[in-house]
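Okay, so here's the structure we're looking at.
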Amino acid sequence: MSKRLVVVAIFIFAIFMANNSYAGKKKAFDFTLNDLNNNPVSMKSLLGKGPVYIAFWATWCKPCKNELEIVSKIYDEYKDRGFQLVGINEDAGHSLGKVKSFVKSQKWNFPILLDKNEKVKRDYKAFGLPYSVILDAEGNIIHTAYGFRPGDEVKVKELIESHLLTDEADSTAKKATE
Amino acid sequence: MNRAFYFFIFLLLTLIVIQTVQADDVSIQTQNKLEYYLDRNPTDSGVHNDSLRNRLTVDMLYGNFYAGIWYEAFEPITRLTTGDTSYEGITQRYFGWTDGNAEIRLGNYYANFNRGLILRAYENQDVQIDKNLDGVWASYRGNKFNLEALNGKILLSENILLSPLIRTRENDIVAFRGELTPISNISFGGAALRYKKKNSFTSEIEYTNAQEITAGLTYGPFDFYADYGRQEGNEGFYIGRPDLKTGDATYLTASFSTGLFGISAEYKNYYNMALDFNAPPSANHRDQSPNALWAQSGANDRGFQVSLFFAPLNNWTVEADIAQSGERPDEYGHIQQKIFNNFYEVRGYIGRNILILNYERTDTGVEGLEQLPYGEFTYYLDDDNTITLTGQVRKLERIRDLFGKDDYNETDYSISFSHSYFLSITVYGGFTSEEFQPWEQSFPKRSGAISLGLRYGEHDLNIFYGDQRGGFVCTEGACREVPPFRGLKITLVSRF
């Protein structure tokens with residue numbers, strides 16, 4: 001009986017909070033991770049130019065590969081207008097050895113960061129893969145999603161386009177991230 | 001008043017706090033994952049026919065400070081394990097400070113040193129592992145070095161074989177890790193750990209000490225990495241040598257990567273490294289170690305894996321994985337489990353439609369030979385709408401006894417329709433060459449299921465109804481037998 005009460009409470013809570021989504025800005029957790037060449041890349045260094053698409057992925061995750069291949073085409077289209085795409089790899093200790101050889105063969109031209117101890121995954125509550133987080137240029141979370149199916153890119157593209165910076169917004173975002 | 005009442009009060013207070021303090025310098029993120037299972041075919045008397053798991057997480061950021069809390073309720077179908085494993089309450093809470101380079105955290109946390117040879121305290125619900133620590137964790141990231149230190153009590157299963165979900169938190173870990181990167185393509189590291197454990201039979205305090213050294217080098221397209229760990233104090237229970245109190249582990253990788261192809265090779269050699277809190281790499285495409293049947297990562301085996309990624313044409317990739325490993329021999333002549341695992345995949349685009357074909361062959365020696373051809377094709381009806389077809393055959397040549405073998409086959413297929421971001425409907429079908437009754441639950445030769453997925457804003461709802469075959473699930477080197485399921489599953493993930 002008590003479990004049923006918990007479920008009811010959760011639903012009430014969910015419905016109430018759904019109506020209050022985006023009541024305040026949701027700041028993303030800061031992180032610094034190494035890329036495939038061992039150079040540190042911080043989340044803050046990605047901000048201030050435009051929307052940021054963070055994709056949590058692993059080499060063993062089939063839909064993750066679909067997602068990165070498809071979103072990388074959007075990246076090619078909008079990178080000159082400030083759109084940032086970053087893949088955070090979650091192979092961790094177990095299949096980390098094959099990540100670089102896989103990525104290089106894919107010819108991806110966006111940064112791949114290694115979350116070796118899975119801390120960033122836990123900070124972002126990515127309890128399953130694929131998991132994506134879209135940030136605005138100031139580092140606020142504007143959208144999150146579990147899973148990726150071909151065709152989802154239509155919505156992704158809409159979100160990216162609606163958060164590209166105009167010249168005026170560009171200077172505001174740069175000030176906000178300084 | 002029961003705990004559910006307090007939980008309800010907790011929710012309301014959280015809600016009030018969130019609504020009160022929402023401001024530019026405060027950020028609150030909440031996520032709830034609800035899973036409900038209704039099994040329409042329980043056979044054991046006294047077995048719950050439904051199961052509930054709920055996890056609510058609330059995180060707050062305020063400047064450089066953060067705090068979080070997890071509230072969980074879990075009532076499993078008792079067939080999955082023995083003993084009363086239901087729980088409900090606050091399972092994790094933490095508070096911390098970070099400026100991006102330095103971080104200190106009090107409360108619950110997970111930890112992983114390097115490749116997990118001496119420390120990997122992690123969670124994986126697929127194999128029902130949760131080894132979170134409760135204590136203090138600190139790290140510092142400098143230009144040329146990283147430091148990490150921790151002290152805490154680890155959550156462990158009381159009995160990993162009989163009651164993996166009954167957990168205790170009694171034993172302490174103190175650990176330290178450092179890494180030096182004098183130039184960007186060279187790194188050296190070291191780690192040390194001390195584990196204080198109360199012996200459940202003698203009640204005496206026992207200590208395990210472990211150390212680890214690592215080295216990495218990047219030179220043009222070449223990458224090399226070496227990791228060596230050793231332990232002293234942990235008995236060799238898993239290898240039938242309780243008198244043995246020492247063990248060691250070596251893990252090596254080398255890779256060569258270009259724009260056309262990449263190749264990586266891994267080598268592992270572990271002996272008596274099955275600690276309560278580590279998980280060395282399995283070096284196997286299906287993430288399975290020879291002795292992982294113990295629901296514990298393989299830590300007494302030797303083997304290798306070679307992986308090749310080849311992209312001969314634009315948007316087409318060929319992958320080949322060849323892995324072989326076996327348990328280290330012991331002096332008593334026990335049968336040593338082996339795994340020969342090969343995996344091949346072709347993946348690419350026809351226009352914008354996606355084709356995936358793969359084949360996996362696994363020979364475990366003791367259990368038999370398994371072959372798994374798989375195909376998947378996704379076709380775009382238009383920009384928003386896609387149809388995906390999948391098909392898989394599992395062909396098993398089973399070793400029944402010393403003199404005989406027999407064949408067992410499973411065929412599964414599915415068709416799925418997806419409308420961009422909002423809706424997906426999948427119909428599954430399958431048949432097997434024989435009816436089987438694992439876990440005292442019958443599963444028919446012919447099975448079917450339907451699944452509906454809906455996404456609205458930050459909410460994901462999935463409803464599954466039908467039959468799902470059980471099997472052996474392996475992730476991160478640890479494995480678990482999952483029973484078949486016939487009934488209704490509802491999953492709702494909400495983020496606020």
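Because the structure is a prediction, the values reported are computed rather than measured. Throughout, a chain's letter reflects where its sequence line sits, starting with A, and its residues are numbered from 1. Computation of the quantities below employed the complete heavy-atom set of this structure, encompassing side-chain atoms and omitting hydrogens, waters and symmetry-equivalent molecules.
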- Message: Whether A:Glu69 and B:Arg347 form a salt bridge (side-chain N of Lys/Arg under 4.0 Å from carboxylate O of Asp/Glu) is what I want to check.
- Response: yes
- When you check the gap from the basic side-chain N to the acidic O, do B:Glu179 and A:Lys116 get nearer than 4.0 Å? no
- Could A:Arg122 and B:Tyr110 be counted as a cation-pi pair, given that NZ or CZ must be under 6.0 Å from the ring centre and within 45° of the axis? no
- Item | Reported CD1-to-OG distance for the pair A:Ile141 and B:Ser27, which is rounded to 0.5 angstrom | 6.5 Å
- Task: Find the distance between CG (A:Asn66) and OG1 (B:Thr378) and round it off to the nearest 0.5 Å.
- Result: 6.5 Å
- Message: Can a donor-acceptor pair be found, under 3.5 Å and without considering hydrogens, that links the side chain of B:Arg455 to the backbone of A:Tyr146?
- Response: yes
Where on [X] is there a heavy atom nearer than 4.5 Å to chain A: the side chain, the backbone, both, or neither?
X        : answer
B:Thr181 : side chain
B:Leu423 : backbone
B:Asp227 : neither
B:Ser184 : both
B:Phe113 : neither

- Task: Could you list which of residues 147-155 of chain A have a heavy atom closer than 4.5 Å to any heavy atom of chain B, in residue-number order?
- Result: A:Gly147, A:Arg149, A:Pro150, A:Gly151, A:Asp152, A:Glu153, A:Val154, A:Lys155
- Residues of residues 100-107 of chain A with a heavy atom under 4.5 Å from any heavy atom of chain B, in residue-number order, are A:Lys100, A:Ser101, A:Phe102, A:Lys104, A:Ser105, A:Gln106, A:Lys107
- Top contributor to chain B contacts, counting heavy-atom pairs under 4.5 Å, from A:Asn38, A:Asp30, A:Thr144: A:Thr144
Taking C-beta and beyond as the side chain, do [X] and [Y] meet within less than 4.5 Å on heavy atoms?
X        : Y        : answer
B:Arg495 : A:His143 : no
A:Lys125 : B:Trp70  : yes
A:Phe29  : B:Leu61  : yes
A:Lys98  : B:Asp321 : yes

- Which residue pairs pass the disulfide (SG to SG under 2.5 Å) test when at least one of the two sits in residues 95-156 of chain A, sequence neighbours left out? none
- Query: With a 3.5 Å cut-off and no angle check, do the side chains of A:Lys27 and B:Tyr66 form a donor-acceptor pair?
  - Reply: no
- Message: Is a donor from one side chain sitting under 3.5 angstrom from an acceptor on the other, for A:Asn34 and B:Arg141?
- Response: yes
- Item | Listed partners of B:Arg53 passing side chain to side chain donor-acceptor pair (under 3.5 Å), at least two apart | none
